[in-house]
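Single-structure report; data block below.
First the proteins, then the strands, lettered A, B, ... as listed; each starts at 1.
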Amino acid sequence: MVPRDFSSLTFLECRSFFIPKRRIFMRSEELVVKALKDVLGDKLSAAELQQALEKPKSLALGDFAFPAFSLAKIFRKAPQQIAAEIAGQISQAHFEKVQAVGPYVNFFLNKSEFSQTILQTVLQQGQAYGNQDLGAAGNVPIDMSSPNIAKPISMGHLRSTVIGNSLAKLLRKANYRPIKINHLGDWGTQFGKLIEAYKLWGSEAEVKADPINKLLEYYVRFHKEDVAHPELDDEARAWFKKLEDGDEEAMRLWKWFRSESLKSFMKIYKKLGVEFDSFNGEAFYNDKMDEIVTILEEKQLLQESRGAQIVDLEKYDLNPALIRKTDGATLYITRDLAAALYRKRTYNFVQSLYVVGNEQTNHFKQLKAVLKEMGEPWADEIHHIPFGLITQGGKKLSTRAGRVILLEEVLDDAVELARQQIEAKNPNLENKEQVAEEVGVGAVIFHDLKNERMNNFDFNLEEVVRFEGETGPYVQYSHARAMSILRKAAAAGDKVALAGTYSLNDPDSWEVLSEIAAFPAMVKRAVNEYEPSVIAKYALHLAKAFNKYYAHTKVLQDDVQLGARLALVKSVATVLKESLNLLGVHAPDRM
RNA sequence: GCGCUUGUAGCUCAGCAGGAUAGAGCGACCGCCUCCUAAGCGGUAGGUCAUCGGUUCGAUUCCGAUCAAGCGCACCA
């Protein structure tokens with residue numbers, strides 16, 4: 001992580017940053033608290049004052065507000081009167097103005113001073129602006145995406161992939177070391193079925209031509225035919241048994257199916273711009289489960305119940321965890337226990353994340369509970385990051401019911417639409433194809449990340465690939481416009497100087513400036529809440545403020561503030577690009 | 001039945017540890033390209049913040065109950 005130069009921190013940035021002991025920063029908030037303290041004396045402590053401060057709804061009301069309600073009892077006066085008295089007595093030294101409005105004392109920061117500091121900081125730090133040290137370089141494995149072999153990646157997998165990817169970027173910015181793990185669904189009785197189906201109806205040539213679809217076809221056909229021919233199930237079980245025993249043919253087919261599937265997954269991951277550090281899926285833990293069972297036995301946690309081996313979790317108010325089935329086979333949670341232990345040993349993580357749909361909440365509660373029973377203190381560092389369901393027509397997506405939305409098709413549709421937009425709006429654009437990819441895919445990713453994780457959403461193609469309003473392309477467009485202005489300036493010989501006078505004080509630029517200043521706090525919040533939507537919403541706000549700004553202010557005008565305006569535009573471009581980057585969305589320079 | 005999640009404008013959603021007249025986008029209606037890309041900007045219309053109680057000087061925000069929706073509830077993952 002970039003070494004941090006604390007002398008360049010801004011007022012607002014310090015709100016969310018750890019503060020070195022020997023230096024005292026006059027944060028803007030501290031200035032407000034100090035000014036209030038000077039008037040109020042011991043009536044309220046500095047901490048209480050800071051706590052009471054709020055951000056007015058509109059910048060027209062100031063940058064900070066102090067509500068006087070809490071003082072009404074102490075002084076036995078109306079809050080309005082108290083606010084007026086405070087405003088009358090307070091030192092205006094560091095502020096543009098301090099005024100009472102009703103029961104509030106509103107503080108307006110010194111705009112020139114503030115813009116100077118904030119713009120200088122962003123220009124100096126560039127993409128590193130907003131970096132912070134929350135993680136002390138600790139490892140954080142992220143279990144994400146995790147599609148099933150021999151099935152296509154659907155919209156359902158998009159969420160886990162894209163949320164996990166964004167969290168990885170956010171964690172890295174906060175000085176954690178994310179490790180992206182694709183916990184592939186590459187084991188289980190379905191592979192017995194698949195092999196049997198392939199042996200009966202499949203051919204090598206067919207699979208090579210279109211692996212996923214053919215494999216899926218075999219699998220679906222198997223399920224149709226085994227209704228009339230239950231003996232197929234016995235064959236499938238036998239094949240899976242062979243697989244478990246390491247039978248050569250079974251292993252060869254399994255490996256082949258797996259690698260073909262992976263190849264087609266990689267095409268999609270490449271489109272999405274997502275890379276993984278590990279593809280260790282369920283099969284990988286196959287030989288690591290005996291140990292878990294042994295440990296559970298040694299700790300006398302295992303009980304027999306209805307012929308199965310379970311860990312009782314009644315004291316956690318949870319259903320028992322099924323470790324071994326009646327036939328001795330292990331289950332989902334057994335594998336996840338093995339995986340958790342493996343990850344702890346391999347990465348010695350400070351946190352371990354699982355980006356998995358909210359319908360699996362109970363499973364992860366059980367997982368943590370069993371680890372706790374095992375006496376593993378790091379059980380508390382395991383976090384399930386749940387997210388809402390994507391439905392279609394209000395119903396859960398289901399391969400069997402025919403409600404599948406193939407991610408690849410959605411991405412292709414989005415890119416095609418972006419291509420058409422470019423032809424219509426900017427036909428002379430260079431590298432159109434690349435921009436179409438970035439915009440189309442960006443729209444899909446952004447749409448998924450802009451709302452709170454837990455919200456369900458009903459799939460609607462027009463909505464997902466929309467380019468107007470609160471969308472990824474809107475943010476990308478704002479960034480492209482900023483870059484365009486900078487290019488024109490550079491062509492005229494006006495470069496953004498790293499050290500200059502960046503004094504701006506008009507209302508439109510002030511809105512942009514306070515958004516820029518809020519970025520580090522947003523990063524922190526997004527990390528703490530594991531919530532990429534914080535960044536997406538932030539990017540929309542900044543883009544909106546900037547669009548308004550340049551619609552009303554001519555940037556390229558030769559006057560004393562030209563340098564300051566260019567610094568503002570450059571800072572906006574930097575922060576917008578970094579915001580999109582944190583979401584896993586590209587920011588083309590032109591579009 | 002029990003548990004988890006959700007319930008804010010016609011639609012999709014914001015509303016950051018309770019506070020100033022509840023905000024966006026889409027859709028509707030009306031404006032703005034001799035001026036840095038109109039994927040943009042501005043304006044109008046539209047809400048008993050599911051319901052009922054409680055805590056509080058103050059509740060969309062916290063607590064409880066009710067109603068509605070989604071998802072789970074041991075030998076699938």
Decide side-chain hydrogen bond (donor to acceptor under 3.5 Å, both in side chains) for A/N451 and A/S533; before the verdict, give the C-alpha distance in whole Å, the side-chain angles of both, and the deciding distance to 0.1 Å. CA-CA 5 Å; A/N451 291 135; A/S533 69; over 6 Å; no
With a 3.5 Å cut-off and heavy atoms only, can you find an N or O donor on one side and an acceptor on the other between the side chain of A/D336 and the base of B/rA77?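 Looking at the base of B/rA77, it does not pair with any donor or acceptor on the side chain of A/D336 (distance under 3.5 Å).
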Spell out yes or no: do the side chain of A/S484 and the base of B/rC36 have one donor N/O and one acceptor N/O closer than 3.5 Å? no
P spacing across the pair B/rG47 / B/rG54, given as an integer number of angstrom: 28 Å
Counter-base of B/rU66, judged by Watson-Crick or G-U geometry with both distances under 3.5 Å: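 Pair assignment: B/rU66 / B/rA50.
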Strictly by Watson-Crick or wobble contacts shorter than 3.5 Å, is anything paired with B/rA22, and which nucleotide is it? none
Is the centre of the A/F257 ring less than 6.0 Å from the centre of the A/F191 ring? no
Counting the atoms with a prime plus P, OP1 and OP2 as sugar-phosphate, which does [X] contact under 4.0 Å by heavy atoms, base, sugar-phosphate, or nothing?
X	value
A/P67	nothing
A/Q51	base
A/A480	base
A/M591	base

Salt bridge check: are A/D559 and A/R565 linked by an N-O gap of less than 4.0 Å? yes
Just to verify, which of A/E470, A/E468, A/E462, A/E463 counts as forming a salt bridge (Lys or Arg N to Asp or Glu O under 4.0 Å) with A/R466?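 For A/R466, the salt bridge (Lys or Arg N to Asp or Glu O under 4.0 Å) test succeeds with only one of A/E470, A/E468, A/E462, A/E463, which is A/E463.
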Could you check how far CG of A/N456 sits from C1' of B/rC71, rounded to whole Å? 8 Å
